[in-house]
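Notes to accompany the following structure.
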Amino acid sequence: MPSCEPVPPAACLPTKTFRSYLPRCHRTYSCVHCRAHLAKHDELISKSFQGSHGRAYLFNSVVNVGCGPAEQRLLLTGLHSVADIFCESCKTTLGWKYEQAFETSQKYKEGKYIIEMSHMVKDNGWD
């Protein structure tokens, strides 16, 4: 006869830890897959970007994100050197980082991050 071990309540399970936690007093964006913090709303530059799989937001800075190798891609706005970014916690590809823009009008994107909306959820203080 199989023994039935009690399952520990969720409160007793180890919690995930992330490299960076954003202050709870700020509206934030988190990974929809694992809830790791990604960016403060204050770091949002634009909501009118296009990712590989749909709408995306452009951020000035992000946290808990790793970067792959840079490669040149021909995007809607011209040739750019970009590096895919992924969630450090669950390893989901989120978007990319603009490493270099080859057209003068696109230079403002350098060092900025695209995160696709389908990979984000709003946390802390959104109505």
Point to revise | Minimum heavy-atom distance between Ala39 and Ser61, given as atom pair plus value | key: CB-O, 3.9 Å
Revision key, fill the gap. Between Ala101 and His80 the two heavy atoms that sit nearest each other are CB-CD2, 3.8 Å
Practice item. Please work out whether the ring planes of Tyr29 and Tyr57 are parallel, tilted or perpendicular, with thresholds of 30° and 60°. Key: perpendicular
Revision key, fill the gap. Residues passing the side chain to side chain contact (heavy atoms under 4.5 Å, CB included) test with Phe49, sequence neighbours excluded, are Ser46, Ala56, Leu58, Tyr98, Tyr108, Lys109, Ile114
Practice item. Please identify each residue that fulfils side chain to side chain contact (heavy atoms under 4.5 Å, CB included) with Ser52, with sequence neighbours left out. Key: Trp96, Glu116
Practice item. Could you tell me whether the side chain of Glu103 reaches within less than 4.5 Å of the side chain of Thr77, counting heavy atoms only? Key: no
Practice item. Would you check if Cys34 and Cys87 make a side-chain contact, meaning some heavy-atom pair closer than 4.5 Å? Key: yes
When rounded to the nearest 0.5 angstrom, what distance separates [atom1] in [X] from [atom2] in [Y]?
{"X": "Leu79", "Y": "Gln100", "atom1": "CG", "atom2": "CD", "result": "8.5 Å"}
{"X": "Asn64", "Y": "His37", "atom1": "CG", "atom2": "NE2", "result": "8.0 Å"}
{"X": "Thr92", "Y": "His119", "atom1": "OG1", "atom2": "NE2", "result": "7.0 Å"}
{"X": "Leu74", "Y": "Phe102", "atom1": "CG", "atom2": "CZ", "result": "11.0 Å"}
{"X": "Leu94", "Y": "Ser118", "atom1": "CG", "atom2": "OG", "result": "9.0 Å"}
{"X": "Lys97", "Y": "Ile85", "atom1": "NZ", "atom2": "CD1", "result": "9.5 Å"}

Practice item. Let me see the working for Arg55 and Lys47 under side chain to side chain contact (heavy atoms under 4.5 Å, CB included), right down to the final yes or no. Key: CA-CA 8 Å; Arg55 289 190 52 210; Lys47 294 181 179 182; 4.3 Å; yes
Point to revise | Derivation and outcome, side chain to side chain contact (heavy atoms under 4.5 Å, CB included), residues Val65 and Glu88 | key: CA-CA 5 Å; Val65 167; Glu88 280 283 359; 5.6 Å; no
Check your understanding: Is there a donor-acceptor pair under 3.5 Å between the side chain of His53 and the backbone N or O of Gly51?
Key -> no
**Study point:** Any donor-acceptor N/O pair, Arg35 side chain to Ser30 backbone, under 3.5 Å
**Key:** no
**Study point:** Residues forming a salt bridge (Lys or Arg N to Asp or Glu O under 4.0 Å) with Glu71, sequence neighbours excluded
**Key:** Arg73
Practice item. Treating Ile, Leu, Val, Met, Phe, Trp and Tyr as nodes and any side-chain heavy-atom pair under 4.5 angstrom as an edge, say whether Phe86 and Val62 lie in one connected cluster. Key: no
